[in-house]
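Note that the numbering runs from 1 along the sequence shown for the chain.
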Amino acid sequence: MNKALYEKLFSEQEKYRAWLLEQPPAEILSHAYEYTVREDIILSLEYHDVDDEQARVLLAQENLLGELFDAFEHRETNYMDVVSSTVYDLANILLSEEEREKNKLRDLPIYLHSGEYARENGELDKYRESRAANIGCRDAIQEAIKNHYHDNRLDSAAVSEVVDKYNFHRVLYVLANTVRQKDWDGRFSQSNKDWAATMYIPEDRDGFNGDRNTAFCVEAHPTLVNGYIDMARDQFLLTQPLTGKDIQAEAERINAFFEKNGEPNSPNKTHIMIEISPKFLQRAGSKDIEALEGSLSCFETLSFSTLKDRKGIFAMISKDQIREWPYGVKKPSALDKLKQPAKPGPKAEKKGAEPER
């Protein structure tokens, strides 16, 4: 019975197929879904049998495959959910693969030896992989400068998008190499030249004594590259933890302002205030804030606070705060005063004695 059922469905599908092939292309396309479902219905009978009674009533239908398709169409199925899930699953797989490739490039270490050294030590694969990443990073920097320079201004996103792909260390390495290759160009600031000189970039000569490092030298307008370096250095600095010197420098800046400015400048004119450096706060943790506060403990009324309708965090002291103790010198405490030798006071008058004239 199942074999007879299968043969009936197969025969109906062959007739449907013959009719479909005689139709114009647009008509064939409009029936593509129906044809596919009918094929799947026949396929299902190759793996699943029905009992004899079920086969009997099905065989009695004149247009069985058409009726089965109509029944399928009117059923509540999760077919579209499966289709959507397939789309999402494939997208997630591709994103995961893309992220793995990105991480591989971002985590790739810089090879800090010459090609000759790599050849002698069996490390040519590492050398070539790192060199290709350097050149790719150079291209990405050039493209970022081109895409993010508008209205005489270079957007900071030009740095972040390249760093996201190659990491800060490679970006700074390529930029330092660029400055050193063009050390003669006065459009690079002395600060950036001094910084580039501190970076270790191994000499890498080819067989004709040519400098292989020129291959990853950024070729864009030097003024724009110099600005790009400034932004890259600043952004990298913001990722680094504060040092004791950084905290001391900020404390000295705040202290100098308090010592110099005696007039209250808070909205209600009750305090003298100065904004804590936003760059300092971007790098600071809770312990850094505590250390800064401790460095300014000579100001008894010191507080750190926000202000309504104003961005930032401000260091404040009362307008009545005596600011006579220099930075780093703690104001004597009450206990310290008690330890000091008592100063001689006025002589007490003897009871009943005549006051001196």
Any donor-acceptor N/O pair, [X] side chain to [Y] backbone, under 3.5 Å:
X	Y	answer
Y228	A158	yes
R119	L124	no
H221	T223	yes
N121	Y117	yes
N103	R100	no
E101	E97	no

Can you tell me if [atom1] on [X] sees more than 12 non-hydrogen neighbours from other groups inside 6.0 Å?
X	atom1	result
E62	CD	no
N268	CG	yes
K182	NZ	yes
E116	CD	no

With a 4.0 Å cut-off on N to O distance, would you call [X] and [Y] a salt bridge?
X	Y	answer
R205	E203	yes
E34	R38	yes
K8	E12	yes
E290	K287	no
D185	R187	yes

Minimum-distance pair of heavy atoms, taken over all atoms of [X] and [Y]:
X	Y	value
A118	Y127	CB-CB, 3.6 Å
L105	A133	CD1-CB, 4.0 Å
P264	I272	CA-CG1, 3.8 Å
M231	V159	CB-CG2, 3.9 Å
N226	S189	OD1-N, 2.9 Å

Would you compute the distance between atom [atom1] of [X] and atom [atom2] of [Y] and round it to the nearest 0.5 angstrom?
X	Y	atom1	atom2	result
E250	L296	CD	CG	9.0 Å
I274	I313	CD1	CD1	14.0 Å
K146	I141	NZ	CD1	16.0 Å
Q54	D49	CD	CG	10.5 Å
K126	I110	NZ	CD1	14.5 Å
I42	L5	CD1	CG	10.0 Å

Does the pair K319 and H271 meet the rule for a side-chain contact (heavy atoms from CB on, under 4.5 Å), with working shown? CA-CA 5 Å; K319 66 177 181 179; H271 290 76; over 6 Å; no

Within-4.5 Å side-chain heavy-atom neighbours: [X] and [Y]:
X	Y	result
H31	Y16	yes
R106	D164	yes
K279	D234	yes
E252	F257	no
P241	R283	no
K193	D183	yes
R17	L20	no
I289	L281	yes

In one Ile/Leu/Val/Met/Phe/Trp/Tyr side-chain cluster, 4.5 Å: [X], [Y]:
X	Y	value
L65	V50	yes
I317	L292	yes
I28	W19	yes
L154	L238	no
F258	F280	yes

Checking side-chain polar atoms at under 3.5 Å, does Q142 have a donor or acceptor matched by the opposite partner on E219?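 E219 and Q142 do not have a side-chain donor-acceptor pair below 3.5 Å.
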
Looking just at side-chain N and O atoms, do N167 and D107 make a donor-acceptor pair shorter than 3.5 Å?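 Judged by distance alone, the side chains do not pair up.
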
Apply side chain to side chain donor-acceptor pair (under 3.5 Å) to residues S191 and D194 and explain how you reach the verdict. CA-CA 5 Å; S191 171; D194 293 342; over 6 Å; no

Between Y111 and H113, does the ring centroid distance fall short of 6.0 Å? yes

Kindly determine whether L68 and F72 satisfy side-chain contact (heavy atoms from CB on, under 4.5 Å), including the steps that lead there. CA-CA 6 Å; L68 286 171; F72 174 82; over 6 Å; no

For residues 175-207, which residue pairs pass the ring pair (Phe, Tyr, Trp, His ring centres under 6.0 Å) check, not counting sequence neighbours? none

Identify all side-chain donor-acceptor contacts of residues 301-309 below 3.5 Å with residues at least two apart in sequence or on another chain.
residue : atom : partner : partner atom : Å
T301    : OG1  : S318    : N            : 2.9
T301    : OG1  : Q321    : OE1          : 2.9

Under the side-chain contact (heavy atoms from CB on, under 4.5 Å) criterion, do R212 and R131 qualify, and how do the steps go? CA-CA 10 Å; R212 288 194 178 104; R131 179 177 167 81; 3.5 Å; yes

Listing, residues 169-181 side-chain donor-acceptor contacts under 3.5 Å, not counting sequence neighbours, or none:
residue : atom : partner : partner atom : Å
R170    : NH1  : S130    : O            : 3.3
R170    : NH1  : S130    : OG           : 3.4
R170    : NH1  : N134    : OD1          : 2.5
R170    : NH2  : L108    : O            : 2.9
R170    : NH2  : P109    : O            : 3.2
N177    : ND2  : N213    : O            : 2.9
N177    : ND2  : F216    : O            : 3.3
T178    : OG1  : V174    : O            : 2.9
T178    : OG1  : V218    : N            : 2.9
R180    : NH1  : A196    : O            : 3.4
R180    : NH1  : M199    : O            : 2.3
Q181    : NE2  : D211    : OD2          : 3.0

So H148 and E161, side chain to side chain donor-acceptor pair (under 3.5 Å) or not? Walk me through it. CA-CA 10 Å; H148 292 281; E161 73 174 27; 3.0 Å; yes

Does the side chain to side chain donor-acceptor pair (under 3.5 Å) test come out yes or no for D155 and Y149, once each step is laid out? CA-CA 6 Å; D155 194 321; Y149 181 68; over 6 Å; no

I'd like to know whether V57 forms a side-chain contact (heavy atoms from CB on, under 4.5 Å) with E53, so could you lay out the CA-CA distance, the side-chain angles of the two residues, the decisive distance to 0.1 Å, and finally the verdict. CA-CA 7 Å; V57 295; E53 284 298 297; 5.7 Å; no

